[in-house]
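These notes are about the structure you will find just below.
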Number of protein chains: 2
Amino acid sequence: MNKASDPEREYPRPIVTVDVVLMTLLDDVLCVALTSRRSEPWKGHLALPGGYVHVNEDLSLDDAARRVLEDKAGVRIAYLEQLYTLSGPSRDPRGWSVSVSYCALVPAEEIRASLKADVSMVPVSKLSALPFDHRRIVDVAVTRVQNKASYSSLPAFLLPETFTLAELQHVYERVLDARLDRVSFRRKIEDQGFVEPVKGEFRKGAQRPAQLYRLRKHVLSSFDRAFATG
Amino acid sequence: MNKASDPEREYPRPIVTVDVVLMTLLDDVLCVALTSRRSEPWKGHLALPGGYVHVNEDLSLDDAARRVLEDKAGVRIAYLEQLYTLSGPSRDPRGWSVSVSYCALVPAEEIRASLKADVSMVPVSKLSALPFDHRRIVDVAVTRVQNKASYSSLPAFLLPETFTLAELQHVYERVLDARLDRVSFRRKIEDQGFVEPVKGEFRKGAQRPAQLYRLRKHVLSSFDRAFATG
DNA sequence: TTAATAGTGTCTCTAAGACAGTATCCG
DNA sequence: CGGATACTGTCTTAGAGACACTATTAA
């Protein structure tokens, strides 16, 4: 019945690309990096940074994603996570294709310091249509980030090395798009213990200085319980 | 610096396969379907059902996963979810390969009724080494299922169309490998409202009959709050 | 009636939210 | 000192666990 199930036969191979949703918080707004495509299809249009897997160079898809980021953005990546793999015969005019999508987070300072000229940061709320199914990929990325933010240390990767608890709470609130209780936030963050105070270091301003904290480990930590849904 | 970044050049394409972790609860034990490989590499060894993407036949990777399941198992799939995409130059001796892994859940009754002869169900706790990186894929699948079980209706897909709340609690306990409080469980399940009683239908036994329930929608529903970790 | 499982009422306890208080800086 | 922000103590409240109770069947 199923002639194609002959296990010895080799099949024509699909195209394999990686596409990266590079996100940061610029002026309190969650933004995505878009590049102007240098080749067909969609040459000249803004799209997610991405490209072919280089089988003679990349040791993994993660590797390919990092290479793409290095090439397009040249930024220190605080966090990289595989998102989802999209596929089909018609999503790319070059033929049956597989796109392994990634989500990357960087602190705003990195973006400001070292972004290439042909990359622009666009607020996720102001995204118009994108080539291929890149719009869907961005939606998956935003949903994933918001989801993980509710029960993990993920938003901390949008901040520099050291930060105050007020700054940390602010990033959580921006990513989750929700208000968090100040007391509960401190309690929870301190209980979970994924940050530690940097002894003797304070953020100084016009008011009382605030204790600076840093991540204990530079990996994602999950909480015992999620933030309330509000 | 990066000679390989020429955007016009086509690159050699990796092999693309799908591998499926088909799981069910057989006699209260979480089991995974393994098939004896019909071709090299690892011919004759037990491995996850999987195969090449057929670009002239499959409309998506999900499609390919369903085809593989149809071919190897011939079962009605209650739940199918993409897991993770593994990759690398050496995970498959045939060359640089990409494996898109899937997790599928089926009720035990389906398995008992219609499993093919060369497929065996093995308890996840008794898995030995598997070819390729299939062991890692199984680990990802089990972790994902346990994770989702703690905050969604996922375990319900391991049950037949109708079930009692006691049966539902039992599958949650088996999947999570934890005891759940009976009162809290009923409260939570009823509050979340993803199941509805089938009016007038009862499971009859040697004792008081139990109300039968069914899923309201045949899609995964997430809870407001997760089951406690304790 | 008894054994067994289905289902409910309610107390306790934990953790999140609310709110008011104290602490420490700048000017 | 006042204004502003950092940080803390504690009351209230929502939801999970514990436990005792009632309900309904077969034998």
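A, B, ... follow the sequence lines: proteins, then strands. Residue 1 opens every chain. Hydrogens, waters and symmetry mates are skipped; everything else that's a heavy atom, side chains included, is used.
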Atom pair distance, as rounded to whole Å: [atom1] in [X] and [atom2] in [N]:
X	N	atom1	atom2	answer
B/L212	C/dG7	CG	C1'	15 Å
A/I189	D/dC7	CD1	C1'	15 Å
B/Y213	C/dA6	OH	C1'	10 Å
B/D191	C/dT8	CG	P	12 Å
A/E190	D/dA6	CD	C1'	12 Å
A/R179	C/dA18	CZ	P	10 Å
B/L180	D/dA16	CG	C1'	11 Å
A/L168	D/dC7	CG	C1'	15 Å

Once the angle between the rings of A/F132 and A/H134 is folded into 0 to 90°, is it parallel (under 30°), tilted (30 to 60°) or perpendicular (over 60°)? tilted

Does the ring center of A/Y172 lie less than 6.0 Å from the ring center of A/F185? yes

Does anything in residues 148-156 of chain B reach DNA chain C, meaning a heavy atom under 4.0 Å, and if so which residues?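 Heavy-atom contacts with DNA chain C come from no residue of residues 148-156 of chain B; none.
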
Near DNA chain C, which residues from residues 193-204 of chain A have a heavy atom under 4.0 Å away? none

If you assign A/R186 and B/F185 each to the DNA chain D nucleotide with the nearest heavy atom, which residue ends up on the more 5' nucleotide?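 That would be A/R186.
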
Please determine whether salt bridge (Lys or Arg N to Asp or Glu O under 4.0 Å) holds for the pair B/R67 and B/D63, giving the CA-CA distance in whole Å, both sets of side-chain angles, and the decisive distance to 0.1 Å. CA-CA 6 Å; B/R67 177 177 51 71; B/D63 231 39; over 6 Å; no

Who passes side chain to side chain donor-acceptor pair (under 3.5 Å) against B/T164, sequence neighbours left out?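 Not a single residue meets the side chain to side chain donor-acceptor pair (under 3.5 Å) criterion with B/T164.
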
Who pairs with A/H218 by ring-ring contact (aromatic ring centres under 6.0 Å, His included), at least two apart in sequence or on another chain?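 So A/H218 forms no ring-ring contact (aromatic ring centres under 6.0 Å, His included) with any residue.
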
Quick one: ring-ring contact (aromatic ring centres under 6.0 Å, His included) partners of A/F157, sequence neighbours excluded?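 ring-ring contact (aromatic ring centres under 6.0 Å, His included) check on A/F157 returns A/Y79.
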
Of the candidate nucleotides D/dT8, C/dA18, D/dA18, which contains the atom at the shortest distance from the side chain of A/R187? C/dA18

So, are B/E196 and B/R214 salt-bridged, with charged N and O less than 4.0 Å apart?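 Counted as a salt bridge, because a side-chain N and a carboxylate O are separated by less than 4.0 Å.
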
To the nearest 10°, give me the bend of the helix from C/dT1-D/dA27 to C/dG27-D/dC1, comparing the axes of its five terminal pairs at either end.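 Both end axes considered, the difference amounts to 10°.
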
Could I get the full list of side chain to side chain contact (heavy atoms under 4.5 Å, CB included) partners for [X], not counting sequence neighbours?
X	answer
A/Q192	A/K188, A/F194, A/F223, A/D224
A/A104	A/V20, A/L22, A/L69, A/I77, A/L80
B/A108	B/T24, B/L26, B/R112
B/R174	B/L25, B/D28, B/H170

Reading nucleotides 19-27 of chain D from 5' to 3' and marking B where a protein heavy atom lies under 4.0 Å of the base, S where only the sugar-phosphate is that close, and - otherwise, the string is B---BBBS-

Distance below 4.0 Å between A/K188 side-chain N/O and C/dA16 OP1 or OP2: yes

Which pairs with one or both residues in residues 120-131 of chain A pass side chain to side chain donor-acceptor pair (under 3.5 Å), sequence neighbours excluded? none

Under a 3.5 Å cutoff, is there a donor and acceptor pairing between the side chains of A/S36 and A/D118? no

Is the backbone N or O of A/V198 less than 3.5 Å from a side-chain atom of A/Q211, with the two atoms forming a donor-acceptor pair by type?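 At least one qualifying donor-acceptor pair exists.
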
